[in-house]
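The structure appears right after this line, and notes come after that.
What you see below is based on every heavy atom in this structure, not just the backbone, and it leaves out hydrogens, waters and symmetry mates. Proteins get letters first, then strands, A, B, ... in listed order; numbering begins at 1 in each. Being a predicted model, the structure only gives us computed values, none of them experimental.
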Protein chains: 2
Amino acid sequence: MKQQVNQLTIQEVAEATGLSVHTLRYYEKVGLIHTIGRADNSHRRYTDDDIGWIDFLNKLRATGMSIQQMQAYATLQRQGDETLPDRLAMLRQHQQMVEANIAELQRHLEVICYKVGYYQQLVTEMAEKEPAFSQ
Amino acid sequence: MKQQVNQLTIQEVAEATGLSVHTLRYYEKVGLIHTIGRADNSHRRYTDDDIGWIDFLNKLRATGMSIQQMQAYATLQRQGDETLPDRLAMLRQHQQMVEANIAELQRHLEVICYKVGYYQQLVTEMAEKEPAFSQ
DNA sequence: TCTTGACTTAGAGCGCACTCTAAATGTTAT
DNA sequence: ATAACATTTAGAGTGCGCTCTAAGTCAAGA
């Protein structure tokens, strides 16, 4: 029973993760993903763990971490448990960045909402004063 | 008393808005900013209104609106009041995009925070079991 | 046997949003 | 007069993160 659990092709992983097959190879080439195991025909075979890691990468990307930083993180990850404190520090810093970013977005969003409200009022007034279009 | 209120140089506007002088000229060239008035020596002179508009552009950018979309918005703006409904629609759509984006960031942030907590615990445990460094 | 189709690689190309360069002009201070 | 400095232009260059191409291998189906 030493079979490997879920062996996914690159196509399947693309569908599962939302990354393109191109991007999956690119991520592997630049070291974001460790060298993926191969089937006999030299085709990549991804494990469930690989999917998990890629999903996590996606979260880091979507929250604005650069490829460079993700490379640094991935390198630490591969070096094992002794780099745990470093990874913790990186995640902490990123967490703060994301929190700051959300706060900024919310401030800007308020201005946009205010403007939407103001424009809505103007448009409503225009419609009221111009009954030409209401028949 | 027909003097123009605040006539700022491009340098001053750069400092005021956080954009570089290069970017200010670039924004004008691609039509994000209307053609700025000139002093006798052909140097640009920005008004307070210009600053206000640039600040708003900055908010749109910072919330993820593309240059292309901002161009469309700026074009509508220049066409006057009859485009108000269109601008309202654009802002509304952008508002929704930003809200969705914030929500996504918050979901991802939760995962990151969870991981930070987990790593923190591991690191703490490592420190406890290895008193070599505590002296 | 032949075709189709998924995969492989190295490396080129692309879109975005700036960012910078070079050469010229004009203003100000010594 | 001369030097230093801010501005002007058109257009070239840059960094990021993909995205695609071309040429090849391999396996399955008609």
For this session: Can you establish whether the number of heavy atoms outside B:E125 located under 6.0 Å from its atom CD is more than 12?
Result: yes
Seminar exercise, completed: Among the nucleotides D:dT7, C:dC16, D:dC16, whichever has the atom closest to the side chain of B:Q11 is D:dT7
Exercise. To the nearest Å, how far apart are B:L57 CG and C:dC18 C1'?
Worked result: 15 Å
Exercise. Are there more than 12 heavy atoms of other residues, nucleotides or ligands under 6.0 Å from atom CD of A:Q93?
Worked result: no
For this session: Please state how far atom OH in B:Y26 lies from atom P in D:dG13, giving the value in whole angstrom units.
Result: 18 Å
Seminar exercise, completed: Closest to the side chain of A:S42, out of C:dC18, C:dT8, D:dT7, is C:dT8
Exercise. Would you say the side chains of B:H108 and A:N58 form a donor-acceptor pair under 3.5 Å?
Worked result: no
For this session: For B:S20, answer base if it contacts any base atom (sugar-phosphate contacts may also be present), sugar-phosphate if it contacts only those atoms, and nothing otherwise; contact means non-hydrogen atoms under 4.0 Å.
Result: nothing
Exercise. Within the pair A:T9 and C:dA6, is there a side-chain N or O less than 4.0 Å away from OP1 or OP2?
Worked result: no
Exercise. Does a nitrogen or oxygen in the side chain of B:R61 sit under 4.0 Å from OP1 or OP2 of C:dC18?
Worked result: yes
For this session: Provide, to the nearest angstrom, the distance between the NE2 atom belonging to A:H22 and the P atom belonging to C:dG13.
Result: 16 Å
For this session: Please check if the side chain of A:Q95 supplies one atom and the backbone of B:I112 the other of a donor-acceptor pair under 3.5 Å.
Result: no
Exercise. Please give, in whole Å, the distance from D:dA6 P to B:E12 CD?
Worked result: 12 Å
Seminar exercise, completed: To the nearest angstrom, the CG-C1' distance between A:L32 and D:dC18 comes to 12 Å
Exercise. Contact class for A:R25 vs. all strands (heavy atom < 4.0 Å): base, sugar-phosphate, or nothing?
Worked result: base
Exercise. Does A:Y27 place a side-chain N or O at less than 4.0 Å from the phosphate oxygens OP1/OP2 of D:dC18?
Worked result: yes
For this session: Name the nucleic acid region contacted by B:R38, choosing base, sugar-phosphate or nothing; use a 4.0 angstrom heavy-atom cut-off, strictly under.
Result: sugar-phosphate
Exercise. When the distance from NZ of B:K29 to C1' of D:dT9 is rounded to whole Å, what number comes out?
Worked result: 9 Å
Exercise. Over how many whole Å does the gap from B:D40 atom CG to C:dT27 atom P extend?
Worked result: 9 Å
Exercise. For C:dC7, does either OP1 or OP2 sit under 4.0 Å from a side-chain N or O belonging to A:R44?
Worked result: no
Exercise. In whole angstroms, how far is the C1' atom of C:dT28 from the NE2 atom of B:H43?
Worked result: 12 Å
Exercise. Closest approach of A:S20 and A:A14, non-hydrogen atoms and distance?
Worked result: C-CB, 4.2 Å
